[in-house]
There are 2 protein chains.
Amino acid sequence: MDTRALSVFLSVAETLNFSRSGQALHMSVSAVSRTVARLEQEVGQPLFERDRRRVTLTRAGNEFREYARRSLADWQQLQRKLGSGGELAGEVSLYCSVTATYTLLAPILAALRGTHPSLEIMMHTGDQADGIGRVLEGQDDLAVTICPLNVPPRLEYLPLVESPLQFCMPASNCQVRERVLASQDDGRIDWEALPLIVPERGTTKELLDDWLRERDVRPQIYAQVAGHEAIVAMVSLGLGIGIAPQLVIESSGLGSGVDTISLEQGLPSLSIGLAALRQRLASPLVRALWEVAGQTYPDPV
Amino acid sequence: MDTRALSVFLSVAETLNFSRSGQALHMSVSAVSRTVARLEQEVGQPLFERDRRRVTLTRAGNEFREYARRSLADWQQLQRKLGSGGELAGEVSLYCSVTATYTLLAPILAALRGTHPSLEIMMHTGDQADGIGRVLEGQDDLAVTICPLNVPPRLEYLPLVESPLQFCMPASNCQVRERVLASQDDGRIDWEALPLIVPERGTTKELLDDWLRERDVRPQIYAQVAGHEAIVAMVSLGLGIGIAPQLVIESSGLGSGVDTISLEQGLPSLSIGLAALRQRLASPLVRALWEVAGQTYPDPV
DNA sequence: TCTTTAATAGCGTTTTACGCAAGCGAAGTA
DNA sequence: TACTTCGCTTGCGTAAAACGCTATTAAAGA
């Protein structure tokens, strides 16, 4: 009888649909099914009536729903009471890229100051690609990161914004820019003739690799760089064309130094959000930041 | 945040001693320690103050204690409500030996009829030695059994009574009886000369094997039999000497047919009690029987 | 009859919990 | 001062639980 199971039950009791609850809770249908089954075994009676097409609450299920609501509310109340009333032993550590600091994070931290003034943030900045690793290893509680292709199971991911991955080129006239414009006139860009500045590792590198492989392009790599900001900086210096999330290009101090390259079949769009270990999310401090973030960027569809 | 952890916390909050709570809860000190540590992480603050010699509740710990009491009471209330109010889908199945039926079990079932009239028991009888296996395999919810030498981790054991393991011999005059009496006059029984009727398997067999091995005795096995009742029956027929818990000897219809053999260093005493899978104990029906049994035989020390 | 939808069951893998034993600091003892 | 005891924590290996993927089953709709 743990609170997690109660949440699952409440979700199913609301949607009356195991699959939809699974999606909402970021877990598989079978996990939902078995969580409910366990609960039913523990209670000793079926909570839902399944007639193969429709799910309804049994009488016991209704009773249990009341209980679950109360119980969960009690728990949340206690969390609030102790979370703010107590002397807040620790702080929350957060890893993010420089860009995230003043684009994504600023409004979250502003809101947080209002709702949880006693919560202290220890921020570490670096290449966005390292975020997942640092969270998994427990170095940081949270990371702003691009949604990885496969979210590891012990990780929770909260999408905040979408930003398309973009190719970009120097804005000032230079050899690279001229060659891009020339090949655009031809209708197709000759990637193999252009120096490309790519991420050293991370999701964007993987996406780029896929994109190139699909088109059977073997580009001429000018440099592999850690951090999208650094890529944009190098592009603005005219060293080559690069790749970065639009968000980074726009908000780099060098925004005017680079132009995006528009393509018919562009690169995929990225989901950027928060990542944390499930385990750590049990902590009220971490969860506080998590929830404020979710409220600051509602429904990033 | 599950109810099990709350129980552990409440116990420690009461004893203010991790080791003692561990004993009371039938778990190791380290398990208690880590359960509390998990709880503290989840709450976000320490619940106990440990100054290496003494354990005290912190302010947060006191708050949490209130919450834990309430929460657990709610849960138990719900269990009662649904456990008795509902239409009790299943019944509880119980495995035991014939002897247990009318010695141990009778008062428990009588009490149960009073407190839980709607609870139905499906009883299976057979060799006591099979009880643990049947519970582990989920064939029965509960078994009356001799406490195994090593209790498997997913099993919960509730001691009810103690009964010494005894050697016994035919009560009527016969060759076997005479030989026992004769060797008792010599001061030492010559085990190797006497036909021995032993359990086929189970805890009593293991205890007997140990006892014989310690004394470097290689007995003459007349028969290996399943079920202590059958052993007593064979002994009463004069086929040899046997071994069984005193309880079985006394309450066998053949009580007058066998005599116990008193020894200086007798066989160890057995703990006889109820066994169930931890998992199954979450069910209110199973727990009902469990608790009534515990109340019927309080403190079997 | 075939397809679609939705829950459950089997199987292999990951994650979590546990027991044991070692560690370690403070208090008691010789 | 050195040694022992007490009691909580920690590292490590193992056992159990939970999960995701995939197959299965069953009902409803085309």
Side-chain angles (χ1 to χ4, degrees), chain A residues 1-5 7-9 11-13 15-42 46-57 61 136-138 149-156 277-282, chain B residues 1-5 7-9 11-13 15-42 46-58 61 135-138 149-156 277-282:
Chain A
M1 244 302 304
D2 74 316
T3 48
R4 184 159 186 81
S7 308
V8 172
F9 166 79
S11 169
V12 177
T15 63
L16 294 178
N17 182 312
F18 283 59
S19 320
R20 223 183 332 276
S21 283
Q23 289 185 306
L25 298 162
H26 304 295
M27 54 202 287
S28 69
V29 200
S30 61
V32 175
S33 171
R34 271 182 290 219
T35 302
V36 171
R38 270 196 299 278
L39 223 41
E40 289 179 317
Q41 200 190 359
E42 219 167 325
L47 300 171
F48 293 101
E49 192 118 31
R50 294 89 151 160
D51 62 1
R52 287 289 174 199
R53 197 62 189 168
R54 191 172 358 270
V55 173
T56 46
L57 276 167
L136 282 177
E137 285 166 26
L149 268 27
N150 297 308
V151 180
R154 30 187 210 132
L155 213 68
E156 195 87 39
L277 286 177
R278 259 169 223 282
Q279 210 184 20
R280 288 289 170 98
L281 268 175
Chain B
M1 243 303 303
D2 73 318
T3 48
R4 184 159 185 81
S7 308
V8 172
F9 166 80
S11 169
V12 178
T15 63
L16 295 177
N17 180 315
F18 282 59
S19 320
R20 224 184 329 277
S21 284
Q23 289 184 306
L25 298 162
H26 303 295
M27 53 200 289
S28 69
V29 200
S30 65
V32 175
S33 170
R34 270 185 287 223
T35 302
V36 171
R38 271 197 299 277
L39 223 40
E40 289 178 316
Q41 200 190 0
E42 221 167 322
L47 299 172
F48 292 102
E49 192 116 31
R50 295 90 151 159
D51 63 358
R52 287 291 172 199
R53 197 65 189 169
R54 179 167 17 263
V55 173
T56 46
L57 276 167
T58 60
V135 166
L136 282 176
E137 284 165 27
L149 269 26
N150 297 306
V151 181
R154 37 191 203 125
L155 213 67
E156 196 87 39
L277 285 177
R278 256 168 225 283
Q279 211 183 19
R280 288 289 170 97
L281 269 175

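Predicted model, so just to flag it, every value in this text is computed and none were measured. Naming: A, B, ... by sequence-line order, numbering from 1 per chain.
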Separation of atom [atom1] in [X] from atom [atom2] in [N], rounded to whole Å:
X	N	atom1	atom2	result
R154(B)	dA18(D)	CZ	P	13 Å
F18(B)	dT10(D)	CZ	P	11 Å
Q23(A)	dC19(D)	CD	P	17 Å
L47(B)	dT9(D)	CG	P	12 Å
Q41(A)	dA17(D)	CD	C1'	13 Å
L155(A)	dT14(C)	CG	P	16 Å
E40(B)	dT10(D)	CD	P	11 Å
D2(A)	dT16(C)	CG	P	13 Å

Q: Could you pull out all residues at least two apart from R280(A) that satisfy salt bridge (Lys or Arg N to Asp or Glu O under 4.0 Å)?
A: D141(A)

Q | Listed partners of R278(B) passing salt bridge (Lys or Arg N to Asp or Glu O under 4.0 Å), at least two apart | A |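 Salt bridge (Lys or Arg N to Asp or Glu O under 4.0 Å) check on R278(B) returns E156(B).
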
Q | Note, L277(B) side chain near L155(B) side chain (heavy atom, < 4.5 Å) | A | yes

Sequence neighbours excluded, which residues qualify as side-chain contact (heavy atoms from CB on, under 4.5 Å) partners of [X]?
X	result
S33(B)	F18(B)
A13(B)	F9(B), F48(B), L57(B), R65(B)
A5(A)	D2(A), T35(A), L39(A)

Q: Give a yes/no answer on whether the side chain of N17(B) brings an N or O atom under 4.0 Å of OP1 or OP2 in dC6(D).
A: no

Q. Do the side-chain N or O atoms of S33(B) get closer than 4.0 angstrom to the phosphate oxygens (OP1, OP2) of dC8(D)?
A.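 For dC8(D), neither OP1 nor OP2 has a side-chain N or O of S33(B) closer than 4.0 Å.
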
Q.
Go nucleotide by nucleotide along DNA chain D from the 5' end; which of Q279(B) and R20(B) gets its closest nucleotide reached first?
A.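 The residue closer to the strand's 5' end, by nearest nucleotide, is R20(B).
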
Q: Take nucleotides 18-29 of chain C nucleotide by nucleotide from the 5' end and write B, S or -, depending on whether a protein heavy atom sits under 4.0 Å from the base, only from the sugar-phosphate, or from neither.
A: SBB----SSS--

Q | Heavy-atom pair with the smallest gap, counting every atom of R50(B) and E40(B) | A |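 Of all heavy-atom pairs spanning R50(B) and E40(B), the closest is NH1-OE2, 2.8 Å.
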
